Protein chains: 2
Amino acid sequence: MQFSKSTDYALHALVHLGNSERCNNVGIKELAGALGVSESYLSKIMSKLRQDGIVRAVTGVNGGYELARSADQITFLDVIQVIEGRQQLYECSNTSSRQHQFLAEEAAVQPDQKRLNENVCLIEKVMYGAEQQLYQYLRGHTIQSVLDEAFKRWTHKEDKK
Amino acid sequence: MQFSKSTDYALHALVHLGNSERCNNVGIKELAGALGVSESYLSKIMSKLRQDGIVRAVTGVNGGYELARSADQITFLDVIQVIEGRQQLYECSNTSSRQHQFLAEEAAVQPDQKRLNENVCLIEKVMYGAEQQLYQYLRGHTIQSVLDEAFKRWTHKEDKK
DNA sequence: TCTATCATGGACATCAAAGGTCTATAATGA
DNA sequence: TCATTATAGACCTTTGATGTCCATGATAGA
Ligand code: SF4
Ligand code: SF4
């Protein structure tokens with residue numbers, strides 16, 4: 001139960017892109033250099049981010065990557081879901097066990113009445129709630145917010161000089 | 001980024017224990033039967049729960065498991081942390097990259113002034129916040145709350161007969 | 001005391017996913 | 001045309017989850 005390194009790399013790469021957006025097209029070489037990871041692997045990740053419309057890429061001379069939308073439109077949740085996938089945080093197995101009969105079965109009697117979403121057991125409901133709680137938080141933080149903080153510190157440091 | 005099946009099994013097992021606590025000592029055979037999983041594997045999980053003081057176990061004839069404390073003292077977070085471990089949801093690698101210099105380094109200048117906890121970068125801070133958010137929610141739900149809901153449904157079903 | 005019952009721990013085996021490398025291909029500007 | 005750059009796929013290694021099996025030890029009851 002941990003975020004993958006790929007997610008780590010993706011977040012760092014996006015921050016880098018957001019920071020050097022003045023011009024555009026940051027090459028994989030510069031990107032990999034700044035993060036200290038291999039170009040090979042990072043390109044895989046960038047490719048994924050492109051397919052999901054987080055970044056744009058142009059091939060050829062002077063090509064590279066840039067953010068596909070402004071940094072404050074890219075949430076942590078966006079990035080994480082692209083890399084980690086969109087499966088549920090918890091998916092229950094053994095829905096045919098006696099346990100399940102006891103905790104969740106009830107919907108089987110009236111299959112037409114309202115969707116059976118309401119009839120899941122509490123275990124599932126709690127785990128689903130946890131997921132929503134997490135997602136809500138991650139939706140509230142963007143790449144831009146990281147940049148803002150970094151910039152604030154930077155100027156603060158300059159002031160002290 | 002998903003909870004393991006072991007966590008699934010552990011939660012279900014604890015609900016079962018909480019439900020048949022009237023007497024005590026539920027054997028691994030009954031437990032595995034109710035959940036529909038192998039005794040071999042489940043016993044591994046139960047052993048872990050015992051080592052962390054969630055359940056008690058007695059060997060020998062008529063032995064088995066029982067909850068080590070009342071069901072409302074066992075939170076979802078307790079269970080998850082026993083099974084999934086207690087590592088951080090996010091641990092950043094490459095703290096020697098240029099990225100890191102830009103985002104987080106600042107503490108190096110005054111290593112004696114206040115602990116450097118406050119000096120982590122925003123990426124880390126956001127991810128840590130997400131973890132706390134998740135944990136807070138999971139702390140608020142216990143095995144007992146699942147039992148309560150199941151019991152409520154049960155009586156409601158009886159009423160309708 | 002003997003025995004059937006029960007949990008425990010360790011040694012495996014299996015398998016899927018993460019993490020990572022390499023290369024051929026296609027696009028593009030100079 | 002040519003050097004540059006991203007892309008997609010094949011491939012490899014390592015790690016962790018999942019699962020089985022067995023030898024050991026504890027215990028209650030006969
Ligand atoms: S979590 Fe609830 S719904 Fe899912 S298998 Fe277990 S009892 Fe059934
Ligand atoms: S997340 Fe922040 S503190 Fe961690 S390595 Fe990246 S820049 Fe440094």
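Chain letters run A, B, ... following the sequence lines, proteins first and then strands; every chain starts at 1. Quick caveat, the model's predicted, so the values are computed rather than measured.
Side-chain to base pairing of K29(A) with dT4(D): no donor and acceptor N or O lie closer than 3.5 Å to each other. A donor-acceptor contact under 3.5 Å is not formed by the side chain of K48(A) with the base of dT7(D).
Looking at M127(A) and L11(B), their side chains come closer than 4.5 Å, going by heavy atoms from C-beta outward.
Look at T59(B) and you won't find any side-chain N or O under 4.0 angstrom from OP1 or OP2 of dT5(C). For the pair Y65(A) and dT7(D), the criterion of a side-chain N or O lying under 4.0 Å from OP1 or OP2 is met. At the phosphate of dT20(D), OP1 or OP2 sits under 4.0 Å from a side-chain N or O atom of S38(B). Dashed line: the shortest gap from a side-chain N or O of R50(A) to OP1 or OP2 of dA6(D) is not under 4.0 Å. Phosphate proximity of dA8(D) to Q51(A): present, with a side-chain N or O under 4.0 Å from OP1 or OP2.
In terms of position along DNA chain C, the nucleotide closest to K44(B) lies nearer the 5' end than the nucleotide closest to the other residue of the pair K44(B) and K44(A). If V58(A) and S47(B) are placed on DNA chain C by their nearest nucleotide, the residue sitting closer to the 5' end is S47(B).
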Whenever both distances are under 3.5 Å in a Watson-Crick or G-U wobble pair, mark it; put DNA chain D into dot-bracket that way, with [ ] for crossing pairs and | when the partner is on another strand. ||||||||||||||||||||||||||||||

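Hydrophobic clustering, with ILVMFWY side chains joined whenever heavy atoms are under 4.5 angstrom apart, groups M1(A) together with F76(B). When the side chains of ILVMFWY residues are joined at heavy-atom separations under 4.5 Å, either directly or via intervening members, V58(A) and V26(A) end up in two distinct hydrophobic clusters.
Judged by distance alone, with hydrogens and angles left aside, the side-chain atoms of Q87(A) form a donor-acceptor pair with the main-chain N or O of E84(A) at under 3.5 Å. At distances below 3.5 Å, at least one donor-acceptor pair connects side-chain atoms of N25(A) with backbone N or O atoms of N62(A).
Atom P of nucleotide dA17(C) and atom OH of Y41(A) are separated by 14 Å, given to the nearest angstrom. Atom C1' of nucleotide dC22(C) and atom CD1 of I28(A) are separated by 15 Å, given to the nearest angstrom.
Checked for salt-bridge contact, R153(A) and D148(A) miss the test: no charged N lies under 4.0 Å from a carboxylate O.
In this structure, the nucleotide among dT27(D), dA7(C), dT20(D) sitting nearest to the side chain of A57(B) is dA7(C).
Side-chain N/O atoms of Y9(A) and S4(A) include no donor and acceptor closer than 3.5 Å.
G63(A) comes within 4.0 angstrom of sugar-phosphate atoms only, judged by non-hydrogen atoms across all strands, and of no base.
The stretch residues 4-13 of chain B touches DNA chain D through S4(B), K5(B), S6(B), Y9(B), each having a heavy atom within less than 4.0 Å of the strand.
Residues forming a side chain to side chain contact (heavy atoms under 4.5 Å, CB included) with Q132(A) (at least two apart in sequence, or on another chain): Y128(A), R139(A).
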